Amino acid sequence: IKTIDLQKTFRTEEIETLALHNVNIEVNDGEFIAVMGPSGCGKSTLLNILGLLDNPTRGSYYLNGIDVSKFSEVQRTKLRKGMIGFVFQNFNLIEELNVYENIELPLLYMGISAIERKQKIEQAMDRMAISHRKKHFPQQLSGGQQQRVAIARAVVTRPKLILADEPTGNLDSKNGTEVMALLSELNKEGTTIIMVTHSQHDAEYASRIVNLFDGEIVTEIEM
Ligand code: ADP
Ligand code: ADP
């Protein structure tokens, strides 16, 4: 990942917000980055652009050597599939689908065969210690269990990059530590992780902390 003078402005009626201002960031394969900074400083905006959910207003974004900053939504979706996994603060599970079906979704989008899907889902559920709840629906699970399902869904396609937006924000410290241990393990196996967090404790799992303020990177600390 490499960005050059990344800028993002949001325009709503008369108000224009400069959410990101000349962000230059480079992330190598296998790094674990924690993005920190006060509320409203642009963390989620940066994560959304790096995750190909949104385009910058100006600047370049090189992903695997390709400038994707002007990609259309269709191109972004195609590139994102199977390569990037997302984990959110509020888990973002589909309430109408059970655990198994939630984890199955990205594989369905990728057109993976039923036999292969079953094998991959069972492996991801085992890994996240959630197999005993496969028929449960999200509302029947504790917060920690829901986040483990969300991580299983994020890793079931074996993505090279995981983007996590405050993954422990809705968890107690025990479940939070468990989720961080799982992310750390995935990172040790080679998955690149970029995580937004407010927690100094979570940031200690990272290899580098990037501090944002008013849409700009103000400091970077190697751990
Ligand atoms: P953080 O994640 O650090 O809390 P955000 O990236 O969510 O910050 O927001 C950065 C700035 O951009 C804020 O001022 C926010 O109000 C603004 N912003 C974010 N998304 C939008 C949007 N869709 N429309 C208008 N303004 C937005
Ligand atoms: P926590 O102690 O993490 O808050 P809970 O008390 O929410 O956990 O849940 C304890 C166990 O009960 C969990 O394994 C969860 O799957 C199960 N559980 C909770 N609510 C329901 C429900 N409505 N239906 C079925 N199982 C449930």
Side-chain angles (χ1 to χ4, degrees), residues 1-27 31-63 67-77 79-80 84-93 143 146-147 150-151 153-154 159 161-171 175-176 179-180 183 187 192-223:
I1 283 177
K2 183 183 167 86
T3 73
I4 300 171
D5 294 342
L6 212 60
Q7 185 169 313
K8 181 72 179 178
T9 32
F10 290 107
R11 184 175 270 291
T12 42
E13 287 164 23
E14 296 307 296
I15 309 156
E16 193 176 270
T17 311
L18 183 58
L20 292 178
H21 179 62
N22 290 351
V23 169
N24 295 290
I25 184 169
E26 222 176 312
V27 181
E31 280 198 274
F32 189 158
I33 308 287
V35 180
M36 303 189 80
S39 180
C41 73
K43 302 181 296 294
S44 298
T45 303
L46 178 61
L47 216 61
N48 288 343
I49 293 173
L50 297 182
L52 301 174
L53 297 171
D54 202 357
N55 269 350
T57 313
R58 276 213 312 237
S60 310
Y61 171 20
Y62 291 93
L63 184 59
D67 187 358
V68 297
S69 59
K70 290 171 191 73
F71 268 28
S72 68
E73 192 167 341
V74 174
Q75 287 175 304
R76 278 190 267 123
T77 305
L79 190 58
R80 198 165 61 224
I84 306 176
F86 293 90
V87 178
F88 301 95
Q89 177 175 12
N90 58 2
F91 323 128
N92 277 15
L93 297 171
Q146 289 187 60
Q147 196 58 303
I151 297 174
R153 182 182 58 184
L161 173 63
I162 290 180
L163 299 178
D165 200 343
E166 293 193 52
T168 68
N170 279 325
L171 302 179
N175 283 301
V179 159
M180 288 313 302
L183 290 176
N187 173 249
T192 307
I193 300 182
I194 304 178
M195 167 184 76
V196 164
T197 185
H198 279 116
S199 153
Q200 196 58 48
H201 172 263
D202 290 0
E204 277 163 23
Y205 289 84
S207 52
R208 179 161 38 122
I209 299 177
V210 172
N211 285 300
L212 279 182
F213 191 78
D214 284 350
E216 290 186 80
I217 294 178
V218 285
T219 50
E220 294 195 49
I221 303 159
E222 296 284 343
M223 305 288 278

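Along the sequence shown, residues carry numbers from 1. Source: prediction; values computed, not measured. First listed ligand is number 1; within each ligand, the first listed atom is number 1.
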Asks: Using a plain distance cutoff, I'd like to know if Thr12 has any nitrogen or oxygen under 3.5 Å from a nitrogen or oxygen of ligand 1.
Replies: no

Asks: Report the C-alpha distance between Asp165 and Lys43 in whole Å, list the side-chain angles of each, state the deciding distance to 0.1 Å, and finish with yes or no for salt bridge (charged side-chain N to carboxylate O under 4.0 Å, His left out).
Replies: CA-CA 9 Å; Asp165 200 343; Lys43 302 181 296 294; over 6 Å; no

Asks: I would like to know whether Asn92 and Arg153 meet side chain to side chain donor-acceptor pair (under 3.5 Å); could you show each step before the answer?
Replies: CA-CA 11 Å; Asn92 277 15; Arg153 182 182 58 184; over 6 Å; no

Asks: Do protein heavy atoms approach atom 25 (C) of ligand 1 to less than 4.0 Å?
Replies: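 For atom 25 (C) of ligand 1 the answer is yes, since some protein heavy atom falls inside 4.0 Å.
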
Asks: Which of parallel (below 30°), tilted (30 to 60°) and perpendicular (above 60°) describes His201 and Tyr205?
Replies: perpendicular

Asks: Which residue supplies the protein heavy atom nearest to atom 7 (O) of ligand 1, what is that atom called, and how far is it?
Replies: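 Residue, atom and distance for the closest contact: Ser44 CB, 3.8 Å.
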
Asks: Under the side chain to side chain donor-acceptor pair (under 3.5 Å) rule, what do Asn24 and Asp5 come out as? Steps first, then yes or no, please.
Replies: CA-CA 6 Å; Asn24 295 290; Asp5 294 342; 3.2 Å; yes

Asks: Would you mind running through ligand 1 and noting each atom that sits below 4.0 Å from a heavy atom of Lys43?
Replies: 1 (P), 2 (O), 3 (O), 4 (O), 6 (O), 8 (O)

Asks: Please check: side-chain N/O of Thr45 versus main-chain N/O of Ala19, any donor-acceptor pairing under 3.5 Å?
Replies: no

Asks: Looking only at protein heavy atoms, which one is nearest to atom 8 (O) of ligand 1, and what is the separation?
Replies: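 Result: Gly42 N, 3.2 Å.
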
Asks: What protein heavy atom sits nearest atom 9 (O) of ligand 1, and how far away is it?
Replies: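 For atom 9 (O) of ligand 1, the nearest protein heavy atom comes out as Thr45 OG1, 3.8 Å.
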
Asks: Considering only non-hydrogen protein atoms, determine which one is nearest to atom 16 (O) of ligand 1 and report residue, atom name and distance to 0.1 Å.
Replies: Thr17 CG2, 4.9 Å

Asks: Check whether any side-chain heavy atom of Glu166 sits under 4.5 Å from a side-chain heavy atom of Asn90, and report yes or no.
Replies: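 They are not in side-chain contact.
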
Asks: At less than 4.0 angstrom from any non-hydrogen atom of Ser39, what atoms of ligand 1 do you find?
Replies: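 Atoms satisfying the 4.0 Å criterion: 4 (O).
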
Asks: Would you tell me which option among Cys41, Ala19, Gly37, Gly40 has the nearest heavy-atom contact to atom 4 (O) of ligand 1?
Replies: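 That would be Gly40.
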
Asks: Search all heavy atoms of Pro38 against all heavy atoms of Leu212 and return the closest pair with its distance.
Replies: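 Looks like CD-O, 3.7 Å.
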
Asks: Does an N or O from Phe10, backbone or side chain, lie closer than 3.5 Å to an N or O of ligand 1?
Replies: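 No - when backbone and side-chain N and O of Phe10 are compared with those of ligand 1, no distance drops under 3.5 Å.
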
